[in-house]
Protein chains: 2
Amino acid sequence: MSIRILVADDQSMVRAGFRMLLGGEPDIEVVAEASNGLEAVDKAARFHPDVVLMDIRMPELDGLEATRRILAADADARVLVLTTFDLDEYVYEALRAGASGFVLKDDPPEQLLAAIRIVAAGEALLSPAITKRVIERFTRLPRPEAPRGLEELTERELDVFRLVARGLSNAEIGKELFISETTVKTHITHVLRKLGLRDRVQAVVLAHEAALFEPDERPAG
Amino acid sequence: MSIRILVADDQSMVRAGFRMLLGGEPDIEVVAEASNGLEAVDKAARFHPDVVLMDIRMPELDGLEATRRILAADADARVLVLTTFDLDEYVYEALRAGASGFVLKDDPPEQLLAAIRIVAAGEALLSPAITKRVIERFTRLPRPEAPRGLEELTERELDVFRLVARGLSNAEIGKELFISETTVKTHITHVLRKLGLRDRVQAVVLAHEAALFEPDERPAG
DNA sequence: TTCGCCCTCCTACCTCGGTAGGAGGCAGCG
DNA sequence: CGCTGCCTCCTACCGAGGTAGGAGGGCGAA
């Protein structure tokens with residue numbers, strides 16, 4: 001009754017790493033591997049794994065579209081998305097695509113294992129019901145259409161968002177980024193509109209619920 | 001090379017539960033138990049466990065003071081504090097006492113196991129560096145003195161704090177709790193002052209960093 | 001070059017959030 | 001009994017946050 005895993009990543013070294021890591025766990029078994037998105041969809045249909053470990057950046061078909069197709073074929077499938085960057089607009093896409101959770105590639109191995117077990121147990125990742133709320137929020141988008149048109153945040157908007165998520169005021173963010181408070185306001189307005197949020201408070205909640213960031217150096221003050 | 005655990009809880013049923021739960025894990029071993037704080041300090045010194053599972057409410061010596069003494073005797077000790085309530089002012093005390101993390105007693109077992117493994121691996125709990133920041137923040141308090149005088153939040157203040165942490169506005173909180181917006185403001189002012197925070201945004205950050213809450217039903221709107 | 005996007009900054013405006021300070025009711029305690 | 005703490009609500013004030021709308025410069029694509 002072990003947890004059956006499909007590993008989908010285009011780098012064979014990475015797949016080997018996961019095989020090694022997961023091989024050491026008695027309750028986890030890698031039953032299949034895929035090196036691109038199409039293969040992942042195919043093998044998910046054939047092997048019906050309990051959890052799909054899905055890299056986002058893959059040839060043929062990226063992890064997001066692959067996730068969508070897997071979920072379309074089997075609504076009960078569990079996909080755990082692997083991301084490289086701390087704050088990545090792909091995260092939103094992944095959640096909308098139906099992923100059960102996501103893990104940073106340079107998280108400690110224990111976290112990946114914990115994530116797999118939690119997802120396999122039917123919970124969404126990291127904060128059980130929390131992530132579900134995020135998923136719901138992003139599932140019922142303001143615009144019912146919007147195919148792949150989810151507006152992405154720009155670099156600068158991400159910079160500001162990160163600092164907002166740490167609780168900084170607009171003035172503090174300005175000092176931190178060497179821009180005026182006015183400019184900070186501009187960026188924040190854009191962030192809020194793009195994400196469909198009301199104010200910075202909701203932005204903080206979202207950032208933390210979805211674990212969209214990892215803390216690095218703190219402001220100079 | 002399994003993880004060696006000391007379970008400190010005054011209720012033998014609870015201890016038995018942990019023994020059962022942890023006994024099923026191949027990499028975890030319960031090496032000692034304690035039914036009060038003094039015993040916990042004593043056994044921690046004698047057994048040098050990798051992780052101490054520490055209940056807060058205990059006779060003789062509570063979990064907070066026990067944690068302080070254990071850390072005083074061995075700065076490398078890892079204490080994982082168990083709390084019953086989602087948002088408990090003890091959490092702050094626990095962090096200040098040097099706890100590596102904390103877990104809710106009614107969290108799913110997987111989370112406890114994950115927490116133990118993470119703490120044993122030397123990381124602070126749930127969000128690696130994040131909790132460290134919280135600890136730092138509470139270690140260097142505004143007032144160097146303040147012995148046990150950390151002001152506690154009242155029931156109602158906790159209610160409000162919880163909703164703030166979910167991103168609700170004052171008006172929404174008022175509707176949710178059937179009180180006026182003015183009253184909400186009063187409570188929030190008190191919460192901020194007691195916790196030494198600037199505004200609700202910082203409150204949200206704190207709540208999420210320290211994982212002070214668990215999400216339950218969402219507002220009716 | 002022209003178009004568009006991004007980043008920067010501005011004024012003006014208004015709402016929301018937080019502070020200050022007071023007030024009444026209610027319950028527990030010495 | 002009076003004291004204290006908690007919860008409730010109020011007015012008044014003001015600063016921070018968010019919106020609206022415009023503007024200029026840089027840079028890359030068409």
Notebook entry, point to check: In terms of the nearest nucleotide of DNA chain D, which residue is placed more toward the 5' end: A:D199 or B:H190?
Noted result: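 On the 5' side of the pair lies B:H190.
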Item checked: B:L177 or B:K185, whichever maps to the more 5' nucleotide of DNA chain D ->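 So the residue in question is B:L177.
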Margin query: Can you see whether B:T183 engages B:S180 through a side-chain donor-acceptor pair at a distance of less than 3.5 angstrom?
Written below: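 The criterion, which ignores hydrogens and geometry beyond distance, is satisfied for B:S180 and B:T183.
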State whether [X] places a side-chain N or O below 4.0 Å from either non-bridging phosphate oxygen (OP1 or OP2) of [N].
X: B:N170; N: C:dG17; value: yes
X: B:T186; N: D:dC7; value: no
X: A:S180; N: C:dC10; value: yes
X: A:S169; N: D:dA16; value: no
X: A:R198; N: D:dG18; value: no
X: B:T183; N: D:dC9; value: yes
X: A:T154; N: C:dC7; value: yes

Proximity to the side chain of [X] - top-ranked nucleotide from [options]:
X: A:H187; options: C:dG18, C:dC7, D:dC7; answer: C:dC7
X: A:E155; options: D:dT8, C:dC7, D:dT11; answer: C:dC7
X: B:L192; options: C:dT19, D:dT19, D:dT8; answer: C:dT19
X: B:E181; options: D:dG18, D:dC9, C:dG17; answer: C:dG17
X: A:R156; options: C:dC10, C:dC7, D:dC7; answer: C:dC7

Using a strict 4.0 Å threshold on nitrogen-to-oxygen distance, state whether [X] and [Y] make a salt bridge.
X: A:E157; Y: A:K194; answer: yes
X: B:K43; Y: B:E33; answer: no
X: B:K175; Y: B:E172; answer: no

Checklist line | Side chain proximity check, A:L113 to A:R117, heavy atoms < 4.5 angstrom | finding: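 The answer is yes; the side chains approach within 4.5 Å.
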Please state how far atom [atom1] in [X] lies from atom [atom2] in [N], giving the value in whole angstrom units.
X: B:L168; N: C:dC16; atom1: CG; atom2: P; value: 14 Å
X: A:I179; N: C:dC6; atom1: CD1; atom2: P; value: 15 Å
X: A:I173; N: C:dT8; atom1: CD1; atom2: P; value: 13 Å
X: B:R200; N: D:dG17; atom1: CZ; atom2: P; value: 13 Å
X: B:K194; N: C:dG18; atom1: NZ; atom2: P; value: 16 Å
X: B:L153; N: D:dC7; atom1: CG; atom2: P; value: 10 Å
X: B:R193; N: C:dG18; atom1: CZ; atom2: C1'; value: 11 Å
X: B:D159; N: D:dC6; atom1: CG; atom2: C1'; value: 13 Å

Margin query: Test your reading of the model: is there a side-chain donor-acceptor pair from A:D159 to the backbone of A:R162, 3.5 Å cut-off?
Written below: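 Flag not set: sc A:D159 to bb A:R162 has no pair under 3.5 Å.
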